[in-house]
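Keep in mind that this is a model prediction, so the values were computed, not measured.
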Amino acid sequence: MPEGHTLHRLARDQRKDLRGHKVSVSSPQGRFADSAALLDGHIVERVDAYGKHLFIRFDSGDILHVHLGLIGKFGRQPSPPDDPVGIVRLRIEGPNATWDLRGPTVCRIIDPLEAKRVVAALGPDPLRRGADRDRFVDKVLRSPKPIGALLLDQSVIAGIGNVFRAEVLHVLGVHPATPGDQLDRATVEAIWETLARWLRDGVRRNRIVTNTLADPLHVYHRDVCGNCGAPTVALEIGGRRIDVCPMCQPAPL
DNA sequence: CGATTATGATTAA
DNA sequence: TAATCCTAATCGC
């Protein structure tokens, strides 16, 4: 589930459910029990997403920092909640809704300074107001690394994952092995604008929306290209698998 | 019913 | 590059 849109939508939903409310915090699994006890009974002041990171700030000054990683999930149910099912690291029970967290890569309490450090390490997030597009564009245009790797690098652009990367390069006809410094400025700007639009749609729909609603994925995990019907090819770039259409995305020279 | 897989990222080698 | 962490759903036998 989790690319940037997932976390921004989560922030929005949790803000609505929890902000201004005193919450019960627990760790049914036990692994987060000591920290949960510190947050228990406090009021949620704000919920923010930056890239794939989620920050929930309490009136105690503590900030809960969550990163879902590959398999983490936040689930919602109306309060009062049912007994936890499976392995629930963290449960936040508000008056109207209860949120259960499973399988996160990061779940910890930090202070505002550390939160600032986490955000400072990230590149611009197209979903944040005032995001600096040119910072992204300039970084790509100056890098010899493949664009397929740069898009997964959260210090270059925050919130992009394996699905958006595959689809944006496909729709723009860019081969993922193309070095950033060989791309046109206009192309890199188009990558940003396309991702920004898709991420916003993703928040709105609460799922990945790319090309069209009915047929969002044209290459990602597809045997044939959704555009031209040619068989796709799986490559490994930036340490992750990426599918490419050899017709729509000719290899760089 | 074990193996594999998943929209992630860090650490070690 | 490989190993590692985290959980649940799906796949193959």
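For A/Lys52 and B/dA9, the shortest distance from a side-chain N or O to OP1 or OP2 is below 4.0 Å. Applying the 4.0 Å criterion to OP1 and OP2 of B/dA6, one finds that A/Arg240 has every side-chain N and O outside that range. For A/Gln154, no side-chain nitrogen or oxygen approaches OP1 or OP2 of B/dG8 to under 4.0 Å. One finds no side-chain N or O of A/Gln29 lying less than 4.0 angstrom from the OP1 or OP2 phosphate oxygen of C/dC6. Look at A/His67 and you won't find any side-chain N or O under 4.0 angstrom from OP1 or OP2 of B/dG8. Look at A/Arg102 and you won't find any side-chain N or O under 4.0 angstrom from OP1 or OP2 of C/dC6. Using a 4.0 Å cut-off, some side-chain N or O of A/His221 falls inside it from OP1 or OP2 of B/dA6.
Partner assigned to B/dC1 is C/dG12, using Watson-Crick or G-U wobble distances below 3.5 angstrom. With a 3.5 Å ceiling on both atom-pair distances, the Watson-Crick or G-U wobble partner of B/dA9 is C/dT4.
Atoms CZ (A/Arg165) and C1' (B/dG8) sit 12 Å apart, rounded to a whole Å. Here C/dT1 presents its P atom at 12 Å from CD1 of A/Ile237, a figure rounded to the nearest Å. In this structure, CZ of A/Phe32 is placed 15 Å from C1' of C/dC6, rounded to the nearest angstrom. Atom CZ in A/Phe74 sits about 18 Å away from atom P in B/dG8, given to the nearest Å. Atom CG in A/Leu70 sits about 13 Å away from atom C1' in B/dT4, given to the nearest Å. In this entry the distance linking CG of A/Leu68 with P of C/dA8 reads 14 Å, nearest Å. Atom pair A/Leu90:CG and C/dT7:C1' shows a separation of 15 Å (rounding to whole Å applied). Distance, A/Leu152 CG to B/dG8 P: 7 Å, rounded to whole Å.
Atom name P, nucleotides C/dC13 and B/dT5: the rounded distance is 12 Å, in whole Å. Look at the P atom in both B/dT4 and C/dA3: the space between them is 14 Å, to the nearest Å. The P atoms of B/dA9 and C/dA9 are separated by 23 Å, rounded to the nearest whole Å. The P atoms of C/dC6 and B/dA12 are separated by 16 Å, rounded to the nearest whole Å.
At the heavy-atom level, A/Ile87 lies under 4.0 Å from the strands shown only through sugar-phosphate atoms. Heavy atoms of A/Gly239 sit nowhere under 4.0 angstrom from any nucleic acid atom. In this structure, A/Arg31 reaches the sugar-phosphate backbone alone: every heavy-atom distance under 4.0 Å involves primed, P, OP1 or OP2 atoms, never a base.
With rounding to the nearest 0.5 angstrom, the OG atom of A/Ser26 is 9.0 Å from the CD1 atom of A/Ile92. Rounding to the nearest 0.5 angstrom, the gap separating the NE2 atom in A/His221 from the CD1 atom in A/Ile242 is 10.5 Å.
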Practice item. Decide side chain to side chain contact (heavy atoms under 4.5 Å, CB included) for A/Glu167 and A/Asn211; before the verdict, give the C-alpha distance in whole Å, the side-chain angles of both, and the deciding distance to 0.1 Å. Key: CA-CA 8 Å; A/Glu167 294 297 330; A/Asn211 302 280; 3.2 Å; yes
Practice prompt. Would you check, one step at a time, whether the test side chain to side chain contact (heavy atoms under 4.5 Å, CB included) holds for A/Val171 with A/His218?
Written response: CA-CA 8 Å; A/Val171 76; A/His218 284 184; 6.0 Å; no
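Below 30°, between 30° and 60°, or above 60°: for A/His65 and A/Phe55 the angle between ring planes is below 30°, a parallel geometry.
Sparse packing is recorded around CZ of A/Arg205, with 12 or fewer heavy atoms of other residues, nucleotides or ligands lying under 6.0 Å away. The local environment of CG in A/Asp34 is sparse, with at most 12 non-hydrogen atoms from other residues, nucleotides or ligands closer than 6.0 Å. Other residues, nucleotides and ligands contribute at most 12 non-hydrogen atoms within 6.0 Å of the CZ atom of A/Arg19.
If you check B/dG8, B/dA9, C/dT7 against the side chain of A/Arg89, the one that comes closest is C/dT7.
A heavy atom closer than 4.0 Å to some atom of DNA chain B occurs in A/Gly161, A/Asn162, A/Val163, these being the qualifying members of residues 155-163 of chain A.
One hydrophobic cluster, built from ILVMFWY side chains closer than 4.5 Å, cannot hold both A/Val203 and A/Phe74; they sit in different ones.
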